[in-house]
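Just so it is clear: chains get the letters A, B, ... in the order the sequence lines come, proteins before strands, and each one is counted from 1.
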Number of protein chains: 2
Amino acid sequence: MKLSELNFPISQHGDDCRVVREILDRVGDKWSLLVIAALDEGPVRFNQLRRQIDGISQRMLTITLRGLERDGLISRTLFPTIPPRVDYELTEVGRTLLGPIIALATWANKNLDVIKDARQRYGSSPEA
Amino acid sequence: MKLSELNFPISQHGDDCRVVREILDRVGDKWSLLVIAALDEGPVRFNQLRRQIDGISQRMLTITLRGLERDGLISRTLFPTIPPRVDYELTEVGRTLLGPIIALATWANKNLDVIKDARQRYGSSPEA
DNA sequence: CCGAATCCTCTTGGATACTG
DNA sequence: CAGTATCCAAGAGGATTCGG
């Protein structure tokens with residue numbers, strides 16, 4: 001399959017761009033895919049997510065979760081207990097994103113070493 | 001398949017992150033995937049790419065191409081003619097990325113409308 | 001525990017002008 | 001044609017502090 005076959009309604013020339021771009025604008029940020037990946041196995045609480053993702057700040061976790069909720073990819077459930085408890089969970093739509101993510105992750109697992117090697121060589125060739 | 005099954009050598013808890021993150025750090029920028037997509041059908045020259053991608057600046061095209069070349073995803077061929085001519089082409093490794101990209105693009109085509117609708121509703125609920 | 005608000009820094013990336 | 005170099009604006013994102 002060619003990428004150009006994907007944009008039936010939209011483009012004529014190189015607008016393969018548009019579609020790819022629009023996804024990247026959603027999930028291409030620093031944390032979105034990680035949050036989705038972290039929700040792979042079921043509902044998770046806020047601070048649990050925070051520990052799980054490692055490196056994410058409270059602020060960015062909140063922002064990322066809001067964005068994903070806003071786009072209908074995750075759902076937020078508040079238990080009005082004291083202290084409060086909030087569960088985040090993938091929606092039906094959100095779960096369908098796991099496929100592409102796994103495809104990317106699998107690719108990464110296979111090719112990360114190759115890429116790192118390539119970078120090594122590239123970095124050492126200009127000099128010396 | 002679960003995402004957690006992917007990280008055989010690396011992690012123990014939520015480090016599903018690492019792998020996904022490392023790819024995103026490579027191709028998650030504003031232009032990399034678009035350049036790769038643009039090279040889908042074969043070798044392309046610099047300014048041809050520039051027109052094809054639409055919106056990319058000369059500077060960013062150069063930077064993006066260097067990065068992808070450095071990582072061994074594309075190859076650069078210089079024809080020392082006057083005026084000079086440079087062809088960019090996906091490498092073997094680079095072509096394998098087309099699969100995951102297409103998976104993402106396909107997902108986007110299916111779900112972009114759903115996402116936009118979700119955002120509409122989300123935006124209108126707080127107020128009113 | 002969950003989150004909002006403020007501040008401040010660093011990176012990304014666009015515009016422009018110049019070279020071989 | 002195919003870049004490189006410089007300048008600059010905008011935004012992403014971290015640290016910290018406060019609130020329910």
Side-chain angles (χ1 to χ4, degrees), chain A residues 14 17 20-36 38-39 43-71 74-89 122 125-127, chain B residues 17 20-36 38-39 43-71 74-89 122-123 125-127:
Chain A
C17 307
V20 183
R21 268 309 296 281
E22 298 218 52
I23 351 160
L24 285 182
D25 287 346
R26 299 311 125 197
V27 299
D29 60 56
K30 196 173 179 182
W31 302 110
S32 287
L33 281 192
L34 297 193
V35 170
I36 293 175
L39 294 176
V44 187
R45 300 181 58 172
F46 186 84
N47 279 327
Q48 193 180 344
L49 268 178
R50 209 180 145 191
R51 286 186 297 271
Q52 210 171 114
I53 292 184
D54 172 77
I56 195 170
S57 65
Q58 193 176 37
R59 172 185 142 86
M60 286 317 296
L61 180 53
T62 302
I63 292 179
T64 304
L65 287 170
R66 288 288 171 280
L68 293 173
E69 185 194 4
R70 167 190 147 115
D71 286 356
I74 67 175
S75 64
R76 189 187 117 109
T77 310
L78 167 66
F79 301 90
T81 58
I82 294 179
R85 162 183 176 170
V86 181
D87 276 11
Y88 291 94
E89 189 175 6
Y122 193 89
S125 60
E127 55 196 347
Chain B
C17 308
V20 182
R21 268 307 297 281
E22 298 218 51
I23 352 160
L24 285 182
D25 286 346
R26 299 311 125 195
V27 300
D29 60 57
K30 195 172 180 184
W31 301 109
S32 287
L33 280 192
L34 297 193
V35 169
I36 293 176
L39 293 176
V44 188
R45 299 182 59 172
F46 186 87
N47 279 326
Q48 193 180 345
L49 269 177
R50 209 181 145 191
R51 286 186 296 270
Q52 212 169 113
I53 291 184
D54 174 75
I56 195 171
S57 63
Q58 195 176 34
R59 170 185 142 87
M60 287 316 296
L61 180 53
T62 302
I63 291 179
T64 304
L65 288 169
R66 289 289 171 278
L68 292 174
E69 185 194 4
R70 166 190 147 115
D71 286 355
I74 67 174
S75 64
R76 190 186 115 108
T77 310
L78 168 65
F79 301 90
T81 57
I82 295 179
R85 162 183 177 169
V86 180
D87 275 12
Y88 290 94
E89 189 174 6
Y122 192 91
S125 60
E127 56 195 350

When rounded to whole Å, the CZ to C1' distance for the pair B/Arg50 and C/dA15 reads 11 Å

Roughly how far apart are B/Ile36 CD1 and B/Leu68 CG, rounded to 0.5 Å? 5.0 Å

From CD1 of A/Ile53 across to P of C/dC2 the rounded distance in Å is 13 Å

In terms of side-chain heavy atoms of B/Asn47, which of C/dG14, D/dC1, C/dC2 is nearest? D/dC1

Among D/dG14, C/dC2, D/dC1, the nucleotide that comes nearest once only the side chain of A/Phe46 is considered: C/dC2

Over how many whole Å does the gap from B/Gln48 atom CD to D/dC1 atom P extend? 11 Å

So, for A/Leu49 and A/Leu65, which heavy atoms are closest and what is the spacing to 0.1 Å? CD1-CD2, 4.0 Å

Which nucleotide in the set C/dA4, D/dG13, C/dG14 lies at the smallest distance from any side-chain heavy atom of B/Trp31? C/dG14

Is the CG atom of B/Leu78 crowded by more than 12 outside heavy atoms at less than 6.0 Å? yes

Grab the CD1-P distance between B/Ile63 and C/dT12 for me, whole Å please. 9 Å

Please report the distance, rounded to the nearest Å, between CG in A/Leu49 and C1' in C/dC1. 13 Å

Could you tell me whether the side chain of A/Thr62 reaches within less than 4.5 Å of the side chain of A/Phe46, counting heavy atoms only? yes

Among C/dG13, D/dA2, C/dA5, which nucleotide sits nearest the side chain of B/Arg76? D/dA2

Heavy-atom nearest nucleotide on DNA chain C taken for A/Pro83 and for A/Thr62; more 5' hit belongs to A/Pro83

Value rounded to 0.5 Å, distance of CZ in B/Arg51 from CD1 in B/Ile56: 13.5 Å

Out of C/dA15, D/dG3, D/dA15, whichever nucleotide has its closest atom nearest the side chain of B/Arg59: C/dA15

Considering only heavy side-chain atoms of B/Arg45, the closest of D/dG3, D/dC1, D/dG14 is D/dC1

B/Ile56 CD1 to C/dT16 P, in whole Å, measures 17 Å

Can you tell me which nucleotide in D/dT4, D/dT17, C/dG13 comes closest to the side chain of A/Gln58? D/dT17

Tell me which of A/Pro84 and A/Ser57 sits closer to the 5' end of DNA chain D, going by the nucleotide each one is nearest to. A/Ser57

Whole-Å distance between D/dG3 P and B/Arg85 CZ? 13 Å

Distance, rounded to the nearest Å, where A/Leu78 contributes CG and C/dC1 contributes C1': 11 Å

